[in-house]
Q: 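The structure that follows is given in the form of structure tokens.
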Amino acid sequence: MINNITLESYKKIAPKGTIDLAYSLAKRLKGKSVLHVNSTRLGGGVSEMLHRLVPVFNDLGIKTHWKVMEGTLLFYQTSKSFHNALQGQKQDITQEMFAEYNRINQKNASKISFDSELTIIHDPQPAGLVYKKSKKTKWLWRCHIDISRPQWKIWNFLKDYISQYDGLIFSLPSFAQKLNIPQFLIYPSIDPLSDKNKDLSNEEIDSIMNKHNIPQDKAIILQVSRFDRFKDPLGVIEAYKLVKKYNDCCLVLAGSEATDDPEGPQVLREVKEAAAQDKDIFILNLPPDANVEINALQRKATVILQKSTKEGFGLTVAEAMWKGKPVIGGAVGGITVQIIYGQTGFTVNSIEGCAFRIRYLLNNPEISADMGQKAKEYTRRNFLITRHLCDYLALMVYLLNA
Ligand code: UDP
């Protein structure tokens with residue numbers, strides 16, 4: 001339970017029957033325990049979800065722990081290179097880096113107790129912990145990134161670890177791999193009652209706009225993302241510049257740093273350079289827990305972008321849609337299951353296409369509002385924490401009670 005929010009609190013929001021389903025599945029898991037391991041407590045979508053899901057599992061009587069692995073700078077550089085390579089970018093990964101990956105996984109393994117019935121390892125960073133798996137326990141590897149076209153050298157290295165798991169969870173069918181273990185599809189989710197997504201008053205929203213000196217007399221184009229090249233912040237600036245020739249508007253790029261992403265500061269410098277001459281571009285480097293601020297920006301924005309060139313899922317899309325905004329997103333990965341073209345937003349393949357759709361939404365506020373309502377309802381049915389919880393519980397019943 002966080003801030004008096006219990007599972008009952010979601011009854012009015014989640015589709016009918018979801019909470020009852022969660023209770024009945026949880027009954028079949030009495031006494032079971034789960035451990036989640038990832039590589040950062042703050043920053044990025046995985047920690048965003050674990051912060052919300054872990055307490056709900058505990059409320060249901062399933063003992064759930066969350067451990068964060070600790071690394072060195074070389075380890076995080078290595079795991080970011082793995083991340084880039086798995087998403088298809090060419091990377092030079094040295095023997096020293098592979099050795100550091102193994103060393104840090106072994107070091108963390110000695111500090112964590114793995115006696116839960118189910119261990120869920122998130123993403124490549126802690127995947128190597130699996131050598132600690134005992135026969136009595138089940139382990140799942142949950143991959144949150146797009147590994148549909150990986151660099152094979154890295155995938156082959158990781159595959160030796162992954163094939164020791166009892167199963168894999170992906171965010172999109174096209175991310176599945178040729179492996180001899182079962183693969184499951186679970187979409188990520190947002191929590192409508194978290195600080196990131198709860199309703200805010202106009203006063204709260206205005207005070208946050210004033211704090212960052214964001215003008216309220218012109219349209220606001222927003223992208224919320226870590227400063228990461230796959231999120232294409234430079235492409236967003238280019239698209240904004242095309243729009244700006246015709247529509248008076250400002251651009252807000254809100255980002256924060258994740259402790260496991262050492263590339264962030266360099267990308268931020270490039271973004272600042274690209275924006276330097278324009279006083280209508282606002283680059284906000286926020287603390288990673290600035291949830292109410294992100295919420296306010298998403299609520300105030302006229303058009304929200306997620307112009308990624310690779311994306312595992314893209315929680316920011318669901319967050320924006322939940323606030324009644326259609327989203328313009330790169331036609332990649334998980335963005336394509338959230339944006340239904342022309343209904344909940346537009347997927348785009350180029351800077352020009354992005355600019356064209358921004359102008360379309362700016363020039364047609366009624367259509368935009370209508371699409372925003374559809375986006376909210378679509379999110380309610382498909383991408384809320386309550387659906388996510390039921391998917392996890394159903395998988396656990398299958399794995400642990402079989
Ligand atoms: N986020 C945030 N502050 C920022 C940038 C991002 O709180 O400055 C949050 C964002 O709202 C979302 C998560 O971090 O909840 C990012 O998840 P997503 O799946 O979009 O991308 P990832 O960073 O995991 O690739």
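The structure presented is a predicted model; accordingly, all values stated were derived computationally and were not measured. Just so you know, ligand 1 is whichever comes first in the structure, and atom 1 is the first atom listed for that ligand.
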Q: Below the 3.5 angstrom mark, is there an N/O of Gln298, backbone or side chain, next to an N/O of ligand 1?
A: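 No; every N/O pair is 3.5 Å or more apart.
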Q: Over all heavy atoms of both residues, which pair between Pro192 and Ile13 is shortest? Give the atoms and the distance, please.
A: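 In this case the closest contact between Pro192 and Ile13 is CG-CG2, 4.1 Å.
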Q: Closest non-hydrogen protein atom to atom 16 (C) of ligand 1, residue and atom name please, with distance?
A: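 Result: Gly45 N, 3.6 Å.
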Q: Tell me which part of Gln306 gets within contact of ligand 1: side chain, backbone, both or neither, using heavy atoms under 4.0 Å.
A: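 Neither; nothing of Gln306 gets under 4.0 Å from ligand 1.
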Q: Give the atoms of ligand 1, by number and element, whose distance to some non-hydrogen atom of Val224 is under 4.0 Å.
A: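 Checking each atom against Val224, I get 5 (C), 6 (C).
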Q: Within ligand 1, which atoms have a heavy atom of Glu319 less than 4.0 Å away?
A: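 Selected atoms, number and element: 10 (C), 11 (O), 12 (C), 15 (O).
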Q: For Lys196, take its heavy atoms, then give the atoms of ligand 1 lying under 4.0 Å from any of them.
A: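 Answer, ordered by atom number: 2 (C), 7 (O), 9 (C), 10 (C), 11 (O), 15 (O).
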Q: Taking 4.0 angstrom as the limit and counting only heavy atoms of Gly314, give me the atoms of ligand 1 inside it, by number and element.
A: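 Matching atoms, with element in brackets: 19 (O), 20 (O).
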Q: State which residue, out of Glu70, His122, Gln125, fulfils the side-chain hydrogen bond (donor to acceptor under 3.5 Å, both in side chains) condition with Ser39.
A: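 One option only clears the test, and that one is Gln125.
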Q: So, regarding Gly255 and ligand 1 (criterion: nitrogen or oxygen to nitrogen or oxygen, under 3.5 Å), is there a contact or not?
A: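 Yes: some nitrogen or oxygen of Gly255 is under 3.5 Å from one in ligand 1.
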Q: Could you check atom 19 (O) of ligand 1 against the protein and tell me its nearest heavy-atom contact, residue, atom and distance included?
A: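 Answer, as residue, atom name and distance: Leu315 N, 2.9 Å.
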Q: Report, as yes or no, whether the 6.0 Å neighbourhood of atom NZ on Lys198 holds more than 12 heavy atoms from other residues, nucleotides or ligands.
A: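 It does: Lys198 NZ has more than 12 such atoms within range.
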Q: Is a side-chain N or O of Lys325 found less than 3.5 angstrom from the main chain of Ala301, in a donor-acceptor match?
A: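 Confirmed, Lys325 side chain pairs with Ala301 backbone.
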Q: Do any N or O atoms from the side chain of Asp370 and from the backbone of Glu366 form a donor-acceptor pair under 3.5 angstrom?
A: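 No, Asp370 side chain to Glu366 backbone: no donor-acceptor pair under 3.5 Å.
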Q: Quick one: is the NZ or CZ of Arg357 closer than 6.0 Å to the six-membered ring centre of Tyr360, and within 45° of its axis?
A: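 Judged by the rule (NZ or CZ under 6.0 Å from the ring centre, within 45° of its axis), Arg357 counts as positioned above Tyr360.
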Q: Which one of Asp123, Leu315, Ile169 satisfies the side-chain contact (heavy atoms from CB on, under 4.5 Å) criterion with His144?
A: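 So the option named by the test is Asp123.
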Q: Would you say the ring centers of Phe170 and Phe184 fall short of 6.0 Å from each other?
A: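 Ring centroids of Phe170 and Phe184 are no less than 6.0 Å from each other.
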Q: Taking 4.0 Å as the limit for heavy-atom contacts, which would you say applies to His144 with ligand 1: side chain only, backbone only, both, or neither?
A: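 For His144, no heavy atom sits under 4.0 Å from ligand 1.
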Q: Considering non-hydrogen atoms of the protein only, which is the closest contact for atom 22 (P) of ligand 1, and what is the distance?
A: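 Checked against all protein heavy atoms, atom 22 (P) of ligand 1 sits closest to Lys231 NZ, 3.5 Å.
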Q: Among all protein non-hydrogen atoms, which one is nearest to atom 23 (O) of ligand 1, and what is the separation to 0.1 Å?
A: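 Going atom by atom, the protein heavy atom closest to atom 23 (O) of ligand 1 ends up being Arg226 NE, 2.7 Å.
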Q: Does the side-chain contact (heavy atoms from CB on, under 4.5 Å) test come out yes or no for Tyr10 and Leu384, once each step is laid out?
A: CA-CA 10 Å; Tyr10 295 92; Leu384 295 189; over 6 Å; no
Q: At a 4.0 Å threshold, what atoms of ligand 1 neighbour a non-hydrogen atom of Ser256?
A: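 With Ser256 as reference, the close atoms of ligand 1 come out as 3 (N), 4 (C), 5 (C), 8 (O).
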Q: Quick one: does Ile294 get a heavy atom under 4.0 Å from ligand 1?
A: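 The answer is yes: ligand 1 sits under 4.0 Å from a heavy atom of Ile294.
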